[in-house]
Amino acid sequence: MKKNLFNKVTGLALVSALAMTGLTACSSTGAAGSNTANNTASSDTDNSESSSQGFRTLDEIKESGVINIGVFSDKSPFGYVDENGDYAGYDVYLAERLGQDLGVEINYVSTEAANRIEYLQTGKVDIILANFTVTEERAQEVDFALPYMNVALGVVSPEGAVIDSLDSIGADDQVIVISGTTAETYLTKNYPDIKLQKYDAYAEAKTAFENGNGVAWANDNTEVIAFSLENEGYVVGIPSLGDQDTIAPAVTKGNETLLAWLNDELVALGSENFFHAGYEATLLETYGADYEDTLVIEPSKN
Amino acid sequence: MQDLGIDVLFKGTNFLRLLQGLWVSVEISLISVVISILLGLLVGILMTFKNPVLRAVLKVYLEIVRIMPQMVLLFIVYFGTTRVFGWDLSAETSAIFVFCFWGTAEMGDLVRGSIKSISKIQFESSFALGMNKIQTYRYVILPQTIRRLIPLSINLITRMIKTTSLVMMIGIVEVLKVAQQIIEANRKASPNAAFGVFAVVFLLYFLVCWPISRLSVYLEKRWAL
């Protein structure tokens, strides 16, 4: 009896093991298309790592014929994947052009906000183009190229009672913010007298604002601009508040050849107004024409 | 009827991409599950041995797996090995390694528990019948252990399948990531898409886990004493 049972179990295990080997074999040939790009790239990273750099120089990238660019795959309209499975968005618009001018194929790597620095530091991507805000802390970890977009805070309010200056907010009025955002930090620090109404999620803050729980809503300016365009009856009274931050491409710390090429390329693109064209192709639909000059930077030498 | 946004799945190749994402999840988890079960049986048996060095090593191994979140393990294996040793493991290899590392430890502990739960009389009777240690395990202990293991390991297997959603953190585009991409790409056109798309993802996970669950019920009945 027991022997019988054991045989069955071994049989089952063997069959499943065989099936799995079959499956893995199939899939590794099946996915050859995207994997080859990955493999060539990785073997080259290996080469550069043996010389203990942790990144690929401009020449190594050109030689391999593939550049690895880290982008968001779910942050419309900056970096996302369209219904045909192709990467698209403002960051990708730039990435496509970089690949074209460098004469190499692009291997897009889907990144998250939390792992962008890791990807650069390990040389697993060559450039990050993922709505990457330049900050001092980050600049110690990676090298930023010239910026191509502005970000700041913005304040949206109802059409009937537009707030166009934070000083016009009364003592009893409340401003809606989302907990943990730069808007909350900035207002708490610089305007301690303004009463804040804090919500954990975007959807809650939106509902509260629409119900008139606060006189205004402070958030990233791209967010409030998109909100005012999508919802009738709201105006962005303060489109740009607080510290003006910028978005820039980033490369691994110390990758001078790639950084130098990237900066020259960005200046050249800036002189042909490439980023305005990029805005019109990707962001116009979400943010409208009014904010084009507020948001876009054409990189220049100074 | 309120628009649930399921229609976004039929735009372009969206649904196909979702299925491809599901396949990525299933592939990583099934390879890991098979390896974990086989290694887990071995590690579980080793865990019952009295050798103090072996015990200490396995104890440390199990504790590491218990304490470390899988996300941290993924980061250590994918980014850490590149930083420290200069190895360039692919994301898939790293993911399978981490899932096997985790699965083997947990499976091993389940096997250890199941073996321990078999009464000493079974061992003594087999020895009395003249069987040696290997024969005892093969014909008496393991068959009983495996029967006790079924419900426990099914829990582990389904948990491993669901945890594959973490691999998006090392750049693997699996089913949940594809779902987020589809929802985000249609944020303006169909703001409610999140509900419909996640409902479909739920259904897909269910379709993968349910047969495993049924298999467990079948085996339990089949092998019941």
Side-chain angles (χ1 to χ4, degrees), chain A residues 1-6 8-10 12-13 16-17 19-21 23-24 27-28 30-31 35 38-39 41-46 48-50 52 54 70 72-77 79-86 88-89 109-112 114-115 118-119 121-125 226 230 285-286, chain B residues 8-14 16-17 20 23-24 26-27 30-31 33-35 37-38 41 71 74-75 78-83 85-92 96 138-140 142-144 146-147 168-173 177-188 191 219 222-223:
Chain A
M1 267 307 275
K2 268 162 191 168
K3 186 169 180 179
N4 194 10
L5 174 73
F6 181 80
K8 274 180 199 158
V9 174
T10 1
L12 196 78
S16 47
M20 281 326 297
T21 0
L23 287 178
T24 29
S27 67
S28 47
N35 276 349
N38 254 326
N39 289 342
S42 345
S43 56
D44 276 300
T45 328
D46 269 344
S48 65
E49 239 121 40
S50 57
S52 77
F72 283 139
S73 66
D74 59 355
K75 299 280 182 298
S76 171
Y80 63 98
V81 178
D82 68 15
E83 68 261 26
N84 299 315
D86 297 322
V109 179
S110 158
T111 57
E112 307 295 322
N115 63 19
E118 286 292 327
Y119 263 111
Q121 289 186 332
T122 52
K124 286 182 189 286
V125 303
E230 281 163 26
E285 205 188 319
T286 316
Chain B
V8 299
L9 287 174
F10 301 106
K11 276 191 196 164
T13 57
N14 280 356
L16 188 67
R17 282 171 51 220
Q20 281 166 345
W23 173 241
V24 172
V26 169
E27 193 188 356
L30 284 194
I31 293 175
V33 161
V34 170
I35 298 176
I37 288 178
L38 296 178
L41 279 171
M71 175 96 90
L74 283 172
F75 265 68
Y78 186 56
F79 294 115
T81 55
T82 311
R83 240 174 230 256
F85 307 112
W87 304 344
D88 196 41
L89 299 176
S90 80
E92 286 79 7
I96 290 174
R138 185 178 156 178
Y139 296 116
V140 181
L142 280 186
Q144 298 186 67
I146 286 169
R147 191 181 296 134
M168 72 167 75
M169 289 308 296
I170 56 171
I172 303 177
V173 179
K177 188 72 202 175
V178 177
Q180 287 174 0
Q181 289 174 351
I182 294 173
I183 292 165
E184 229 358 78
N186 295 287
R187 193 162 80 138
K188 278 190 72 179
L219 290 180
R222 180 83 199 258
W223 292 346

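A, B, ... follow the sequence lines: proteins, then strands. Residue 1 opens every chain. Any value given below was found using the heavy atoms of this structure, including those in side chains, with hydrogens, waters and symmetry copies removed.
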Glu83(A): side chain to side chain donor-acceptor pair (under 3.5 Å) partners, not counting sequence neighbours: none
Backbone N/O of Met169(B) and side chain of Asn115(A): donor-acceptor pair under 3.5 Å: yes
Part of Tyr119(A) lying under 4.5 Å from any heavy atom of chain B: both
When Lys177(B), Lys11(B), Met168(B) are compared by non-hydrogen pairs under 4.5 Å with chain A, the top option: Lys177(B)
Results of side-chain contact (heavy atoms from CB on, under 4.5 Å) for Gln121(A) - residues two or more places apart only: Ile117(A), Glu141(A), Arg83(B)
Proximity breakdown for Tyr78(B) and chain A, heavy-atom pairs closer than 4.5 Å: both
Distance-only polar pair, side chains of Thr122(A) and Thr82(B), donor-acceptor under 3.5 Å: no
Engaged part of Asn84(A) at the chain B interface, taking heavy atoms whose separation is under 4.5 Å: both
Which atoms of Glu112(A) approach chain B - backbone, side chain, both or neither, heavy atom under 4.5 Å: side chain
Pairs of heavy atoms under 4.5 Å with chain A: top-ranked of Ile170(B), Ile172(B), Leu16(B): Ile170(B)
Check: Ile182(B) main-chain N/O paired with Asn186(B) side-chain donor or acceptor under 3.5 Å: yes
